[in-house]
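Working notes, beginning with the structure itself.
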Amino acid sequence: MRKIFKIALTELCTLFYSPIAWLVLIIFTVQACMTYFRLVDIILMQQFSKPLWYSIAKEMYTGNLGLFPNMLVHLYLYIPLLTMGLMSREYSSGSIKLLYSSPVSSVQIIFGKFLSMMIYSLILVGILFLFVGFTAWNVPRFDMSLALSGLLGIYLVICSYAAIGLFMSCLTSYQVVAAVATLGALAFLNYVGRIGQEVPFIRVITYWLSISGRSDELINGLISSEDVFYFLIVIGLFLMLS
């Protein structure tokens with residue numbers, strides 16, 4: 001475990017030495033701020049015209065206009081920038097030979113790289129938690145369990161995307177190729193849920209292929225073991241392939 005943590009720490013340092021990690025954090029935060037304050041304006045206007053009789057937490061964080069679904073729509077655009085160099089950088093620079101010659105196994109390398117992405121994902125989720133905490137501070141009887149369930153769903157989606165990106169990065173020594181391949185795979189998995197919805201058989205298949213769609217129940221406040229195991233299986237599958 002110590003070697004895995006050292007690899008993860010080294011990868012995080014490398015990631016934050018580049019402007020990409022900071023750029024993604026800035027864009028993610030700005031997008032979250034714009035979406036959040038737009039929702040606040042909408043709710044305030046509704047309160048003046050017709051007071052809400054339902055949960056403010058549900059109105060702000062779930063549904064088509066909620067913060068979590070809006071952030072989830074654009075996540076697949078950020079992850080390829082973060083994962084494209086996880087292994088491709090090692091191949092192109094030749095440092096992979098040093099890793100292989102050191103007393104470190106391939107499993108430790110892969111888990112260390114993925115652990116760094118898990119920690120970075122926690123930072124992204126932590127940004128969203130700041131908005132949840134601000135809302136909970138100002139809204140009486142705020143439904144915190146619903147918000148925490150949504151954060152769990154987003155975290156599992158980001159980790160699944162990171163596992164896919166890590167696998168793509170293992171296939172090539174070119175970071176741009178890895179980024180484009182990851183973007184294509186994640187875009188397909190995001191929009192496949194909209195294909196053939198009028199045919200029951202195809203609808204079932206696309207439901208299982210759509211990663212972002214599997215988080216809908218978690219975002220709506222229902223933690224289902226089926227959905228959690230689905231994400232864990234996807235993560236385990238792509239880590240094994242890596």
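Because the structure is predicted, anything quoted here is derived from the model rather than measured.
Residues Phe131 and Cys33 approach most closely at CZ-SG, 3.5 Å, considering heavy atoms. The heavy-atom pair separating Asp227 from Glu217 by the smallest distance is OD2-OE1, 3.2 Å. Nearest heavy atoms, Met87 versus Leu166: CG-CD1, 3.9 Å. Nearest approach of Ala163 to Phe238, heavy atoms of both residues: O-CB, 3.7 Å. Nearest heavy atom pair, residue Ser160 against residue Phe231, reads OG-CD2, 3.2 Å. Contact detail for Leu82 and Leu15: the closest heavy-atom pair is O-CD1, 4.0 Å.
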Stepwise, does the side chain to side chain contact (heavy atoms under 4.5 Å, CB included) test hold for Arg89 with Thr14? CA-CA 11 Å; Arg89 188 190 313 111; Thr14 303; 3.9 Å; yes

Show the numbers, then the answer: is there a side-chain hydrogen bond (donor to acceptor under 3.5 Å, both in side chains) between Tyr161 and Thr83? CA-CA 9 Å; Tyr161 287 172; Thr83 61; over 6 Å; no

Check the pair Ser88, Leu171 against side chain to side chain contact (heavy atoms under 4.5 Å, CB included), reporting the backbone distance first and the verdict last. CA-CA 8 Å; Ser88 300; Leu171 299 179; over 6 Å; no

Please lay out, stage by stage, how Asn70 and Arg38 fare under the test side chain to side chain contact (heavy atoms under 4.5 Å, CB included). CA-CA 12 Å; Asn70 274 275; Arg38 176 175 57 82; 3.9 Å; yes

Could you walk me through whether Phe114 and Leu86 pass the side chain to side chain contact (heavy atoms under 4.5 Å, CB included) test, one step at a time? CA-CA 9 Å; Phe114 183 69; Leu86 288 178; over 6 Å; no

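Ion pairing of Glu11 with Lys6 is absent here, as no side-chain N (NZ or NE/NH1/NH2) approaches a carboxylate O to less than 4.0 Å.
Within a 6.0 Å sphere centred on CZ of Phe28, heavy atoms belonging to other residues, nucleotides or ligands number more than 12. Atom OH of Tyr78 is surrounded by more than 12 heavy atoms from other residues, nucleotides or ligands within 6.0 Å.
Under the 4.5 Å side-chain heavy-atom criterion for ILVMFWY residues, no single connected hydrophobic cluster contains both Val176 and Met84. No path of Ile, Leu, Val, Met, Phe, Trp and Tyr side chains, each step under 4.5 Å between heavy atoms, connects Leu130 with Met144, placing them in separate hydrophobic clusters. A continuous path of Ile, Leu, Val, Met, Phe, Trp and Tyr side chains, each step under 4.5 Å between heavy atoms, connects Tyr230 with Leu156, placing both in one hydrophobic cluster. One hydrophobic cluster, built from ILVMFWY side chains closer than 4.5 Å, cannot hold both Ile164 and Ile233; they sit in different ones. The cluster map of Ile, Leu, Val, Met, Phe, Trp and Tyr, joined by side-chain heavy atoms under 4.5 Å apart, puts Val132 and Leu122 in the same cluster.
With values rounded to the nearest 0.5 angstrom, Leu67 atom CG is found 8.5 Å from Thr135 atom OG1. Here CG of Leu152 is found 9.0 Å from CG of Leu148. Values are rounded to the nearest 0.5 Å. Once rounded to the nearest 0.5 Å, the distance linking CG of Leu218 with CG of Leu151 reads 11.0 Å. The distance from atom CZ of Phe111 to atom OG of Ser116, rounded to the nearest 0.5 Å, is 13.0 Å. The line from CD1 of Ile79 to CD1 of Ile158 is 5.5 Å long, rounded to the nearest 0.5 Å. Interatomic distance, Glu226 CD to Phe229 CZ, rounded to the nearest 0.5 Å: 11.0 Å.
Between Ile154 and Leu75 there is a side-chain heavy-atom pair separated by less than 4.5 Å.
A donor-acceptor pair under 3.5 Å is absent between the side-chain atoms of Ser149 and the main chain of Ser145, judged by distance alone. The closest donor-acceptor contact from the side chain of Ser169 to the backbone of Gly165 lies at 3.5 Å or more, if one exists at all.
Aromatic ring pairs are classed by plane angle as parallel below 30°, tilted from 30° to 60° and perpendicular above 60°; the pair Tyr120 and Phe16 is tilted.
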